[in-house]
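This report refers to the structure that appears directly beneath it.
Quick caveat: nothing in here was measured; it's all calculated off a predicted structure. In the text below, chain A, chain B and the rest are named by the order of the sequence lines, each starting its count at 1.
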Protein chains: 2
Amino acid sequence: MGIIRKTKSVTTVLQIFEEKQEAKSVVNLIEIVKDKMNKTTVYRILDRLEQDGIIHSFNGKDGLKWYAKCKGCSASHHSDKHPHFQCTECNKVECLSVEIKIPSIKNHIVDSTDILLTGQCEVCSA
Amino acid sequence: MGIIRKTKSVTTVLQIFEEKQEAKSVVNLIEIVKDKMNKTTVYRILDRLEQDGIIHSFNGKDGLKWYAKCKGCSASHHSDKHPHFQCTECNKVECLSVEIKIPSIKNHIVDSTDILLTGQCEVCSA
DNA sequence: CTACTTTCGCGACTGAGTTGCATTAACAAT
DNA sequence: ATTGTTAATGCAACTCAGTCGCGAAAGTAG
Ligand SMILES: [Mn+2]
Ligand SMILES: [Mn+2]
Ligand SMILES: [Zn+2]
Ligand SMILES: [Zn+2]
């Protein structure tokens with residue numbers, strides 16, 4: 001169980017994800033809202049939003065934690081298996097809608113698949 | 001240019017990777033050799049070994065940095081594009097020899113592909 | 001052995017992320 | 001609208017992986 005009360009801080013963070021479809025690093029989010037709330041609050045809100053299947057997280061190439069909006073997830077079922085793309089020039093991170101087939105690994109049970117591609121995004125490769 | 005002098009510390013670290021084919025986190029390596037060398041030295045040796053194409057690095061699910069032996073790389077060309085598998089029970093990490101096809105992403109140039117699978121390894125799923 | 005330069009140890013530091021606790025603010029009930 | 005309950009927040013202190021600067025030690029060539 002994640003979000004129970006719709007506080008001002010929760011609304012602020014949610015709006016950031018609503019208005020743009022791109023992923024945000026926690027560090028960047030903290031910077032954006034630093035006049036409105038404490039960094040601990042940002043971490044806690046992101047935690048709760050993720051638990052509720054509203055956003056999902058992954059690690060960037062830099063080792064930072066990134067979050068982006070989910071498309072068809074709920075608190076009980078997280079279905080975000082898509083890869084992510086981090087631009088090495090502008091550092092923007094996107095969720096990719098491509099399907100990547102993982103072959104079954106002999107004698108192993110695969111629970112999760114994290115795929116991070118890096119390179120140049122549409123803007124930077126043009 | 002990485003390793004220039006074969007010091008005792010370098011030999012010690014190299015042996016760890018020689019004797020077993022599995023990946024090691026830096027934190028674990030530091031623990032293993034803590035009586036023989038300083039942690040800063042471990043970081044620096046790993047850096048140099050990677051530059052020379054002797055080992056390669058990647059991020060674990062935990063966010064820690066992991067290293068494993070390379071198979072056909074050199075200082076000029078790193079060809080480790082294989083996925084990695086982290087066991088959620090024993091926490092062991094392996095390099096996988098499977099080929100995973102990444103479809104071309106429209107209007108993007110892909111430079112690197114990091115794939116991390118998690119689940120149960122051969123031992124833990126048996 | 002000597003001279004040169006890389007490598008190392010150590011201590012201090014950085015920065016992302018966490019924790020504990022007192023205070024504030026949702027919100028449901030009255 | 002007022003009150004009571006407790007989730008959520010702010011703040012300060014903390015953790016811990018990873019980095020940095022610098023003097024000392026050790027590898028290597030001559
Ligand atoms: Mn995504
Ligand atoms: Mn590997
Ligand atoms: Zn870009
Ligand atoms: Zn295992």
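- For A/H82 (side chain) and A/V98 (main-chain N/O), no donor-acceptor pair under 3.5 Å exists by modelled atom type.
- Comparing atom distances between the A/T40 side chain and each of D/dA8, D/dA12, C/dA16 picks out D/dA12 as nearest.
- Going from atom CG of B/D47 over to atom P of D/dA17 covers 17 Å, rounded to whole Å.
- Looking at B/R5, its side chain comes within 3.5 Å of the base of C/dT6 through a donor and an acceptor atom.
- Taking the nucleotide of DNA chain D with the nearest heavy atom to each of B/K6 and B/G63, the more 5' of the two is matched to B/G63.
- To the nearest angstrom, P of D/dT19 lies 7 Å from OH of B/Y43.
- Side chain of A/N38, nearest nucleotide from D/dC11, C/dC8, D/dT19: D/dC11.
- A/R48 has its CZ atom 12 Å from the P atom of C/dA26, to the nearest Å.
- Not one side-chain nitrogen or oxygen of A/T7 sits closer than 4.0 Å to the OP1 or OP2 atom of C/dA25.
- Listed candidates were C/dT19, C/dA16, C/dC8. Nearest to the side chain of A/L64 is C/dA16.
- In the hydrophobic cluster analysis, where Ile, Leu, Val, Met, Phe, Trp and Tyr join through side-chain heavy atoms closer than 4.5 angstrom, A/F58 is grouped apart from A/L117.
- Linking Ile, Leu, Val, Met, Phe, Trp and Tyr whenever their side-chain heavy atoms come within less than 4.5 Å puts B/L49 and B/V33 in one cluster.
- Side-chain to base pairing of B/K39 with D/dG18: one donor and one acceptor N or O lie within less than 3.5 Å of each other.
- Here the C1' atom of nucleotide D/dA8 and the CG atom of A/L49 are 13 Å apart, to the nearest Å.
- Among the heavy atoms of the strands, none lies under 4.0 Å from B/I30.
- The CE-C1' distance, from A/M37 to D/dC11, rounds to 16 Å in whole Å.
- Nearest-nucleotide positions on DNA chain D for B/V27 and B/K8 put B/V27 closer to the 5' end.
- Residue B/R44 is in base contact, counting any heavy-atom pair closer than 4.0 Å across all strands shown.
- Rounded to whole Å, the distance from CD1 on A/I4 to C1' on C/dA26 is 11 Å.
- If you chain together hydrophobic residues whose side chains sit under 4.5 Å apart, B/I115 and B/W66 never meet in one group.
- We find that CD1 of A/I3 is positioned 9 Å from C1' of D/dA8, with the value rounded to whole Å.
- Between A/S9 and D/dA8, a side-chain N or O to OP1/OP2 separation shorter than 4.0 Å is absent.
- Between A/V26 and B/T41, the residue anchored closer to the 5' end of DNA chain C is B/T41, taking for each the nucleotide with the nearest heavy atom.
- When rounded to the nearest whole Å, the span between CD of B/E31 and P of D/dA17 equals 11 Å.
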Enumerate donor-acceptor pairs with a distance under 3.5 Å from any side-chain N or O in residues 118-126 of chain A to protein atoms, sequence neighbours excluded.
| unit_1 | atom_1 | unit_2 | atom_2 | d |
| --- | --- | --- | --- | --- |
| A/T118 | OG1 | B/S112 | OG | 2.4 |
| A/Q120 | NE2 | A/E89 | OE2 | 3.1 |
| A/E122 | OE2 | B/N107 | ND2 | 3.1 |
| A/S125 | OG | A/C121 | O | 3.0 |
| A/S125 | OG | B/N107 | O | 3.2 |

